[in-house]
Amino acid sequence: MFRQKKIIAIIALFLLLSIMLCIPVSGATVTQNQYGEKVIETNNLSDFLPVEYEGNLQYTTDYAKYFEGDMEQPMLVKTFWGSYYGEYGVFLNKDIIDVEYEMMYHFEMPLTACYWLSAKSGEVNDFNPSYISMHFLNANGTEIHWVTVDEKNASLTVGNNPLNLGTALYLKRFNFDFYVSGELLNEVSTIVIRAENSNKGYNCRFYLGLKKDDVFRITVGDFETDAIIDNQNKNAQSIIDHQTELQENEKAEANQTGADGVGEINSLIPNDTEGLTKAFSNLTKSMIHNNTTCKMNFPGVKIPKLNIRGFEFGNVTLLEEKEIDFEYYFTLIPEIYLKLIRALCTIALVVYCFKEMYSLLSFIFTAKGGGGSE
Amino acid sequence: MSDIAKWALLIAGAIALIALIMALPFMDFLDTSELSSAITDVVSVAGNAFGTVRGLLNNLLSPFGRTCLSGLIIYFFTKWIVTAGIKITTWIYHFIFK
């Protein structure tokens, strides 16, 4: 009896293992190419799940008609839309990609399986689809690594719209390599391919489509050393850039905190020079005062209130404070005389300036050098 | 003594003189804010009066003459500052080295 149970248990375990090995977790197939590299291929859209950043991102899966010449071909299309149109992306399960330490990854996407970001016609120029990046997230959804796709590896075309939506359409194809290193990547749970649209709020939609023969392919292996080093350098540079940015931010914050602190200390020290500085500034401004305004306030004359042995008198205003505008009196002078006076005074001033300049120049050219001879 | 050493000594001497003035006993009862306020008042009145006189003179000059006068006043002011600076430096130099 006990032996039968043992046999049944072994068979059950065997079956369980068989199921785990045989039933694919996703639609992806994993093979090995002639170079010994692992090739992961999928044409199953269920491997691409929508990324919900903000708002309610919805998606539908539809069949669309795609014409290849005269032949009508079916195409499966996932359409994402929502209240937030700033970022779009798809999850790729770690089970599909299986990020390995220190490996070269080559991503290859068919054109139709690229990001399609449609916008209303006339607004497409506002859309900046150049920024496509891959973000590696851990189980908590925290970003632990990223790879930016540069323009060399990604191509942008304004393509036909297979869904016939009547809108301008950007197709972004990205076949790119990246090198994975660093122990942090052991924590990778999901990978997000993200396309960013700087034009938030417009009615953009994000499409991911696969034709019948389209295959999304990831090749994993030890590629050429040069390529690995090159990509490693790129990777290191991106990390350095990110760290530099963080340091700059910290520095700016520290400077701001320091400036605030200095400002607080300065405000605590009584400053007796503020009024003085303003007064001197006013004085120097009056030197370059070039208009003809000349008003002056003459103070009033007043006898103060006096109380001598109970007898009160005074508090009498002899002369009110008065503003005199001298400019007015110049307007009373006939125009011809005023012009003449101005011309004569200006000539006298210019002559004086020349005389002063002459004395200065004659001093400069005749003065003997001082010092140096002791 | 080299020129650089002399200038360094001169600057140090100038700072020391200022510190000496600040350390004098009358600084204890001298209200610097009142002094500053008094100077401010005088400078303000002088500035306003100067502006009025400038306006008055401007009425007697053509626009070109007004600009000329501004240049001339700035020249005199600079000349006065430079002359005063040289006098102060000479005095400190004399005080320290002679």
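In what follows, chains are A, B, ... by sequence order, proteins preceding strands, each numbered from 1. Excluded from the calculations below are hydrogen atoms, water molecules and symmetry mates; all remaining heavy atoms, backbone and side chain alike, are included.
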| field | Identified side-chain contact (heavy atoms from CB on, under 4.5 Å) counterpart of S62(B) within the set I347(A), T346(A), I341(A), L349(A) | value | T346(A)

| Most chain B-contacting option - heavy-atom pairs closer than 4.5 Å, from I288(A), L344(A), T284(A) | I288(A)

| task | Please state whether the side chain, the backbone, both or neither of L338(A) comes within less than 4.5 Å of a heavy atom of chain B. | result | side chain

| Would you say I336(A) has more than 12 foreign heavy atoms packed within less than 6.0 Å of its CD1? | no

| task | Take atom CG of L318(A) as the centre, draw a 6.0 Å sphere, and report whether it contains more than 12 heavy atoms from other residues, nucleotides or ligands. | result | yes

Can you tell me how far [atom2] of [Y] sits from [atom1] of [X], rounded to the nearest 0.5 angstrom?
{"X": "L56(B)", "Y": "T293(A)", "atom1": "CG", "atom2": "OG1", "value": "12.0 Å"}
{"X": "L61(B)", "Y": "R342(A)", "atom1": "CG", "atom2": "CZ", "value": "8.5 Å"}
{"X": "F76(B)", "Y": "E356(A)", "atom1": "CZ", "atom2": "CD", "value": "4.0 Å"}
{"X": "M357(A)", "Y": "Y75(B)", "atom1": "CE", "atom2": "OH", "value": "9.5 Å"}
{"X": "F280(A)", "Y": "S44(B)", "atom1": "CZ", "atom2": "OG", "value": "9.5 Å"}

| task | Determine the option with the most heavy-atom pairs under 4.5 angstrom with chain A, choosing from I39(B), V43(B), D41(B). | result | V43(B)

| remark: Among L60(B), N59(B), V45(B), V42(B), the residue with the most heavy-atom pairs under 4.5 Å to chain A is N59(B)

| query | Does any heavy atom of chain A fall under 4.5 Å from the side chain of L69(B), the backbone, both, or neither of them? | reply | both

| message | Can you tell me which portion of I74(B) sits under 4.5 Å from chain A's heavy atoms? Options are side chain, backbone, both or neither. | response | side chain

| task | With side chain to side chain contact (heavy atoms under 4.5 Å, CB included) as the test, would you mind laying out the steps for R54(B) and N290(A) before giving the verdict? | result | CA-CA 8 Å; R54(B) 239 343 274 280; N290(A) 276 343; 3.4 Å; yes

| Minimum heavy-atom distance S70(B)-M287(A), with the two atoms named | OG-O, 3.6 Å

| request: Quick one: list whatever passes side-chain hydrogen bond (donor to acceptor under 3.5 Å, both in side chains) with S286(A), sequence neighbours left out. | output: none

| task | Using the side chain to side chain contact (heavy atoms under 4.5 Å, CB included) rule, take T52(B) and K295(A) through it: C-alpha gap first, then chi angles, then the decisive distance, then the call. | result | CA-CA 6 Å; T52(B) 309; K295(A) 289 178 182 172; over 6 Å; no

| query | For chain B, which residues of residues 321-333 of chain A have at least one non-hydrogen atom nearer than 4.5 Å to it? | reply | F326(A), E327(A), F330(A)

| Residues T292(A), R66(B); criterion side chain to side chain contact (heavy atoms under 4.5 Å, CB included); working and verdict | CA-CA 9 Å; T292(A) 53; R66(B) 289 167 204 165; 3.4 Å; yes

